[in-house]
Amino acid sequence: MAQNVPLVLRLIASSVTAATRAGKIIRDIMSRGELGIVEKGKNDLQTEADRSAERCLMASLSQQYPNLTIIGEEGGSHCEVPSDWIVTDCDHNVLSQQCPLEYIDISNNDVVVWIDPLDGTAEYTQGLLDHVTVLVGISVKGKAVGGVIHQPYYNYQSVSSELMGRTLWGLVGLGIGGFQREDPPSDRLILTTTRSHSNTMVNTTLDAFKPDEVLRVGGAGHKVLLLMEGKAHAYIFPSKGCKKWDTCAPEAVLTAIGGKLTDIHGNAYEYHKGVEHPNLRGVLATARGVDHSSFVKKIPREVCDALS
Ligand SMILES: Nc1ncnc2c1ncn2[C@@H]1O[C@H](COP(=O)(O)O)[C@@H](OP(=O)(O)O)[C@H]1O
Ligand SMILES: [Mg+2]
Ligand SMILES: [Mg+2]
Ligand SMILES: [Mg+2]
């Protein structure tokens with residue numbers, strides 16, 4: 001039955017189960033306590049959880065979709081993985097959705113899958129566990145259109161390990177699942193930004209908005225969740241450092257819900273397979289109902305010039 005479902009919907013349905021399995025691996029590694037931290041660069045860590053979660057996602061998706069381009073943050077080799085890390089079942093709720101007409105005839109060559117196996121690594125190593133997400137983004141003809149965001153430690157302070165975690169998905173033109181959206185308050189301005197990769201340009205920009213509150217938290221996925229939960233109006237990161245795997249899934253899910261994610265000039269990023277990986281012109285994302293262009297206009301001129 002699944003073979004009759006259009007590729008994009010099948011991919012989202014497979015990514016929901018694979019991301020959820022990867023989240024269990026992330027929790028198991030933290031419980032064992034051996035994080036195997038490697039420094040990839042300045043202020044840029046990788047743990048055994050990043051590596052293992054990526055191998056789980058890569059093996060699960062490439063077994064089902066052998067002809068697809070799949071790009072993962074950790075660039076892991078295709079070595080053997082434990083058989084119980086390969087999940088090939090699909091989420092039935094996603095499969096039963098009506099695929100928007102524009103994606104019915106999409107072929108393998110039109111699609112690139114962007115995987116961030118563990119977004120918020122710095123916070124994971126510091127025990128800020130609900131900042132962590134697993135991101136699977138699906139681009140079609142260079143646009144971020146589908147996404148899965150799994151938050152393995154959602155509710156971890158109030159429920160037992162079998163009950164914690166949540167997985168949401170979105171497809172532009174269809175909508176979202178696994179999540180109840182909320183609007184941010186109308187009487188105050190709340191911004192969210194990086195916690196572990198801040199610099200003068202980030203702080204100068206935030207000051208220009210005169211916000212009532214700034215939530216400095218980890219992860220691109222987590223920050224976009226805050227926008228969709230009505231906890232912040234905008235995610236502002238006027239700096240290089242985020243990559244395509246950080247923004248593809250969050251952009252797709254946020255767009256599917258009526259929000260927007262662009263560079264700081266208000267222009268969309270491309271996600272085709274030849275694109276450069278860094279988001280060199282920063283990130284600006286706004287919640288549904290928030291005027292994105294008014295945020296673009298308030299970014300200081302010198303910051304725009306530095307990221308042009
Ligand atoms: N200066 C920088 N160097 C390396 N990675 C950066 C970075 N700035 C942002 N990132 C990456 O962008 C993501 C979101 O950053 P932040 O949590 O600071 O908002 C993180 O993804 P990962 O945790 O998947 O590596 C982080 O590593
Ligand atoms: Mg990383
Ligand atoms: Mg990331
Ligand atoms: Mg990561």
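Every number for a ligand or one of its atoms is a count from 1 in the order of the listing.
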Could you tell me the separation between the [atom1] atom of [X] and the [atom2] atom of [Y], rounded to the nearest 0.5 Å?
X    : Y    : atom1 : atom2 : value
R288 : L227 : CZ    : CG    : 13.5 Å
Y154 : H222 : OH    : NE2   : 11.0 Å
L174 : Q98  : CG    : CD    : 9.0 Å

**Message:** Pair D212, R188 - check salt bridge (charged side-chain N to carboxylate O under 4.0 Å, His left out), show working.
**Reply:** CA-CA 6 Å; D212 295 289; R188 52 204 305 266; 5.1 Å; no
**Request:** Decide yes or no on side chain to side chain donor-acceptor pair (under 3.5 Å) for S308 and D305, but give the supporting numbers first.
**Result:** CA-CA 5 Å; S308 59; D305 291 347; 5.5 Å; no
**Request:** Run through ligand 1 for me and note each protein residue having a heavy atom under 4.0 Å from it, chain first, then residue number.
**Result:**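 Within the 4.0 Å shell of ligand 1, which is judged on heavy atoms, sit D44, E73, D116, L118, D119, G120, T121, T194, S196, H197, G218, G219, A220, K223, F237, G241, C242, K243, D246.
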**Message:** Strictly under 2.8 Å of the Mg ion (ligand 3): which protein N/O/S atoms qualify?
**Reply:**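 Per the 2.8 Å query on the Mg ion (ligand 3), atoms found are D116 OD2, D119 OD1, D246 OD1.
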**Message:** Does Q126, at its CD atom, have more than 12 non-hydrogen atoms belonging to other residues, nucleotides or ligands within less than 6.0 Å?
**Reply:**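 Atom CD in Q126 is packed in, count exceeds 12.
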**Request:** Tell me, with the steps shown, if E102 and K143 meet salt bridge (charged side-chain N to carboxylate O under 4.0 Å, His left out).
**Result:** CA-CA 13 Å; E102 62 260 46; K143 304 275 167 251; over 6 Å; no
**Prompt:** Yes or no on side chain to side chain donor-acceptor pair (under 3.5 Å) for H292 and T262, after CA distance, side-chain angles and deciding distance?
**Reply:** CA-CA 9 Å; H292 194 81; T262 65; 2.8 Å; yes
**Request:** Just say parallel, tilted or perpendicular for the rings of W114 and W245, cut-offs at 30° and 60°.
**Result:**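 Taking W245 first and then W114, their aromatic rings sit tilted (interplane angle of 30° to 60°).
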